[in-house]
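Keep in mind the model is a prediction, meaning the values are calculated, not measured.
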Amino acid sequence: MAPKPSLPLPPASPALFRAVNRVVRPVLRSPFHWLFSHWLMLVTYTGVTSGREYSVPVMFYYWTPGEVWAFTGRESRWAGNLKRPGATARLRMRGRDVEVTAEVVEERDAVAGLLRELIARKGPKAVKDPYLGLPRDREPTPEEAAVVASELRVVRFRIAR
């Protein structure tokens, strides 16, 4: 059976994301968070250079007991701010705030392994971000995961006890 053709995706422009985030952030903080909180979490961190607090909606994440993994592009500024040892953040997930420490994983083989682990645990449909380009009807081959992993980094958030 031939794969179904996928719809073309709009370009992931920074201006588009900024406009959408201006709407999404307040909703995730409000009693109406349920509109988006099944798909999005809010990551709040302090900028390394500016010292300012930033909040960024993040779509591609999943939760395991004690950890939350977020997959993002290599160029994302928010993940770059969490690369320092002992970096902390606050996640707003499903209407609740959780204090976390962060570890950024950038090495391609490690990211590919985490992608494969996610899909093995949750199934191919767990890969819900259409921009990733992974097959959603089966587990990716190691080669497919490696190609996608070369464009990603993973932020592993450990929930503070």
Side-chain angles (χ1 to χ4, degrees), residues 3 6-18 20-21 24-25 27-28 33 36-48 54-94 96-160:
S6 61
L7 296 173
L9 296 172
S13 81
L16 174 65
F17 283 126
R18 279 192 301 272
V20 170
N21 288 349
V24 171
R25 272 191 301 265
V27 173
L28 287 172
H33 66 84
F36 298 127
S37 63
H38 286 288
W39 302 281
L40 296 167
M41 72 174 173
L42 197 60
V43 177
T44 302
Y45 64 92
T46 302
V48 174
Y54 297 93
S55 293
V56 180
V58 174
M59 181 175 150
F60 190 46
Y61 76 95
Y62 92 102
W63 176 81
T64 63
E67 283 189 339
V68 176
W69 296 2
F71 291 79
T72 188
R74 288 204 175 264
E75 303 303 317
S76 66
R77 283 190 258 163
W78 72 266
N81 273 282
L82 297 173
K83 285 174 65 171
R84 63 191 186 282
T88 60
R90 185 174 64 252
L91 307 181
R92 180 136 184 108
M93 297 178 6
R94 301 196 178 186
R96 298 192 177 182
D97 288 324
V98 179
E99 298 296 324
V100 294
T101 57
E103 170 197 5
V104 178
V105 179
E106 294 183 294
E107 197 272 317
R108 188 183 81 162
D109 291 338
V111 172
L114 291 171
L115 275 171
R116 287 193 310 274
E117 181 180 338
L118 165 65
I119 293 165
R121 286 185 187 185
K122 301 278 192 174
K125 291 187 179 174
V127 184
K128 57 190 169 192
D129 188 338
Y131 288 100
L132 288 179
L134 287 172
R136 296 187 65 178
D137 59 343
R138 63 176 170 77
E139 288 193 32
T141 65
E143 295 79 21
E144 289 170 328
V147 167
V148 170
S150 67
E151 300 295 322
L152 294 178
R153 53 182 158 188
V154 179
V155 183
R156 294 176 73 167
F157 296 104
R158 288 189 172 74
I159 297 172

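Once rounded to the nearest 0.5 Å, the distance linking CZ of R94 with NE2 of H38 reads 5.0 Å. The distance from the OG1 atom of T101 to the CG atom of L82 is 10.0 Å, given to the nearest 0.5 Å. Interatomic distance, Y61 OH to L91 CG, rounded to the nearest 0.5 Å: 9.0 Å. The CZ atom of R25 lies 12.0 Å from the CG atom of L40; values are rounded to the nearest 0.5 Å. From R90, atom CZ reaches atom OG1 of T46 across 8.5 Å, with rounding to the nearest 0.5 Å.
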N81 and Y54: CA distance, side-chain angles, deciding distance, side-chain contact (heavy atoms from CB on, under 4.5 Å) verdict:
CA-CA 10 Å; N81 273 282; Y54 297 93; 5.8 Å; no
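Ring geometry, W69 versus Y62: the interplanar angle exceeds 60°, so the pair is classed perpendicular (tilted spans 30 to 60°).
Every residue meeting the side-chain hydrogen bond (donor to acceptor under 3.5 Å, both in side chains) condition with E106, not counting sequence neighbours, appears here in chain and number order: K83, R153. Applying the side-chain contact (heavy atoms from CB on, under 4.5 Å) test to R18 and every residue at least two apart in sequence or in another chain returns P14, A15, R22.
Between the side chain of R84 and the main chain of V48, no donor-acceptor pair closer than 3.5 Å is present. No side-chain donor-acceptor contact under 3.5 Å links E67 to the backbone of T64.
A salt bridge (charged side-chain N to carboxylate O under 4.0 Å, His left out) check over residues 109-120, counting only residues at least two apart or in different chains, returns the pairs E117-R121.
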